[in-house]
Amino acid sequence: MTYATGVIDIAGLIDRYDWLFVDQFGVLRGDDHVYEGARDALAALRDAGRKVIVLSNSGRSGRHNAERLARMGIGPDLYEAFVTSGDVARALLSGDASPIRLAPGKTCLTISTSGDTALAEALGLVPVSDAAAADLILIAGSQGETVTLEAYRDMLRPAAARGVVAVCTNPDLEKLTVTGTAPAAGAIAAEYEAMGGPVIRIGKPFRVMYEHAYALAGSPDPSRLACVGDSLLHDVKGAVDFGVDAVLTATGLSADLSPAALADQTERLGYAPRFLMPRGFRP
């Protein structure tokens, strides 16, 4: 099957859609800076009456991410809500539909970018630093720019050998850093799974992430909703599987993706974005 991807800009998004689920990393910002034009694009959408939810595969809360984004110059006045996979994980794991039972007092090893254990503590779990003592593993982030996957395998091997469940709240396989890309939390989860450890993934491209944001938006007409992202494997696949249009930006993980490479990859993957934004998310 040959896939045809059209080209669209902010004016086109305003014309076709009422709601946009917009990715954070790779669309609005890099590791340490907001992309040129991203704030103006959000302002144009807001001023035209369009609604935006920032949808991010971050193991940290939406509140934490929103505060960090505001310090970079994109305030909460430019979007309706900031939803992260960490938020969705907390809602899912603390609810009746949780895929695992989490008794208070159970121990949890959290892998993150900064040693953050907020989710474990919110779930009533006791943080530990040794996988051999953990009843649950939370893979919320990665220090892949300084810690190798081999080191993560060594760290997690005792838990994998015991069949301890790992919950990955950031399924991204790669992340953006100031020096390029590095293995993200999803890559660590894949290594854990390869060692025989069971993994539950929460975030894009999995449906529960989109259901959470869709309900928060008030269940709008799916034909008037699009998801904007820079990853074919997460943003585009998630949107396609959810049944809404996917818009791929030629930034972030797709900054060097040529039209020929896009055609090759979509043919291999079996799905494609509805539109491409060649100049990125800018007016």
Side-chain angles (χ1 to χ4, degrees), residues 25 56-60 84-90 92-94 97-177 179-209 231-235 237-238 241 253 265 268-269:
F25 292 103
S56 175
N57 267 0
S58 169
R60 303 292 292 271
T84 67
S85 47
D87 292 329
V88 177
R90 179 175 179 176
L92 179 63
L93 296 176
S94 60
S98 175
I100 52 175
R101 298 187 65 179
L102 298 175
K106 292 292 186 179
T107 56
C108 176
L109 170 65
T110 298
I111 295 176
S112 68
T113 57
S114 58
D116 174 65
T117 59
L119 177 56
E121 294 169 13
L123 294 172
L125 303 173
V126 178
V128 295
S129 58
D130 186 355
D135 298 315
L136 178 74
I137 306 294
L138 278 179
I139 307 176
S142 162
Q143 298 178 40
E145 62 271 47
T146 57
V147 180
T148 66
L149 287 177
E150 181 178 2
Y152 279 122
R153 284 196 299 269
D154 290 342
M155 179 193 306
L156 293 171
R157 189 169 284 111
R162 294 187 293 117
V164 175
V165 173
V167 176
C168 178
T169 60
N170 182 345
D172 286 353
L173 297 174
E174 293 181 298
K175 69 174 188 174
L176 298 170
T177 74
T179 58
T181 60
I188 300 171
E191 294 292 334
Y192 188 76
E193 200 167 45
M195 291 190 292
V199 175
I200 296 171
R201 293 172 173 84
I202 302 173
K204 296 180 287 186
F206 302 103
R207 188 174 181 88
V208 65
M209 183 77 165
S231 170
L232 282 166
L233 295 178
H234 302 103
D235 301 306
K237 179 172 174 52
D241 288 350
L253 295 176
Q265 289 197 35
R268 176 174 55 83
L269 293 170

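A quick note: this is a predicted structure, and the numbers were derived from the prediction, not measured.
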Original post:
Taking atom SG of Cys168 and atom CD1 of Ile200, what is their separation to the nearest 0.5 Å?
Top reply: 11.0 Å
Subject >> Which atom of Ala103 lies closest to which atom of Leu125, heavy atoms considered >> reply: O-CD2, 4.0 Å
Original post:
What are the two closest heavy atoms between Thr169 and Ala89, and how far apart are they?
Top reply: CG2-CB, 3.5 Å
**OP:** Report yes if some heavy atom in the side chain of Pro99 is under 4.5 Å from a heavy atom in the side chain of Leu93; otherwise report no.
**Re:** yes
Original post:
Which pair of heavy atoms, one from Ser142 and one from Glu145, lies closest together, and at what distance?
Top reply: O-OE1, 4.0 Å
Original post:
At their closest point, which heavy atom of Ile139 faces which heavy atom of Ala166, and how far apart are they?
Top reply: CD1-CB, 4.2 Å
Original post:
Backbone N or O of Ala140 within a donor-acceptor pair of the Ser112 side chain at under 3.5 Å?
Top reply: no
Original post:
Is the backbone of Gln143 close enough, under 3.5 Å, to the side chain of Tyr152 for a donor and an acceptor to pair up by distance?
Top reply: yes
Original post:
For the side chain of Asn57 and the backbone of Gly203, is there at least one donor-acceptor N/O pair under 3.5 Å apart?
Top reply: no
Subject >> Spatial distance of atom CD1 (Ile100) from atom NZ (Lys106) [nearest 0.5 Å] >> reply: 11.5 Å
**OP:** Answer yes when Asp154 and Arg157 have at least one side-chain N-carboxylate O distance shorter than 4.0 Å, and no when they do not.
**Re:** yes
Original post:
Distance-only, no hydrogens or angles: does the Thr117 side chain make a donor-acceptor pair with backbone N or O of Ala120 under 3.5 Å?
Top reply: no
**OP:** Would you mind reporting whether Thr148 and Pro183 have side-chain heavy atoms less than 4.5 Å apart?
**Re:** no
Subject >> Validation row: Leu136, Val165 side chains within 4.5 angstrom (heavy atoms) >> reply: yes
Original post:
Is any side-chain heavy atom of Ser94 less than 4.5 Å from a side-chain heavy atom of Leu123?
Top reply: yes
Original post:
Tell me, do Asp241 and Lys237 make a side-chain contact under 4.5 Å, heavy atoms counted?
Top reply: yes
**OP:** Can you see which heavy atom on His234 is nearest to which on Pro171, and at what distance?
**Re:** NE2-O, 3.2 Å
Subject >> Asp116, Thr84, Asp87 screened by side-chain hydrogen bond (donor to acceptor under 3.5 Å, both in side chains) with Arg60, the one that passes >> reply: Asp116
**OP:** May I ask you to test the Tyr192-Val164 pair for a side-chain heavy-atom distance under 4.5 Å?
**Re:** yes
Original post:
At what distance, to the nearest 0.5 angstrom, does NZ of Lys175 lie from CG of Asn170?
Top reply: 9.0 Å
Original post:
Checking side chain to side chain contact (heavy atoms under 4.5 Å, CB included) against Leu253, which of Leu173, Asp172, Thr181 comes through?
Top reply: Thr181
Original post:
Heavy-atom distance under 4.5 Å between the side chains of Glu193 and Arg201, does that happen here?
Top reply: yes
Original post:
Is there a donor-acceptor pair under 3.5 Å between the side chain of Arg162 and the backbone N or O of Ala132?
Top reply: yes
**OP:** Taking Asp135 for its side chain and Thr107 for its backbone only, find out whether a donor-acceptor pair lies under 3.5 Å.
**Re:** yes
Original post:
Quick one: CE on Met209 to OG on Ser85, what's the gap to the nearest 0.5 Å?
Top reply: 4.5 Å
Original post:
Nearest 0.5 Å, what's the CD-CG distance between Glu191 and Leu149?
Top reply: 5.0 Å
Subject >> Contact check, side chains of Ile111 and Leu138, non-hydrogen atoms, under 4.5 Å >> reply: no
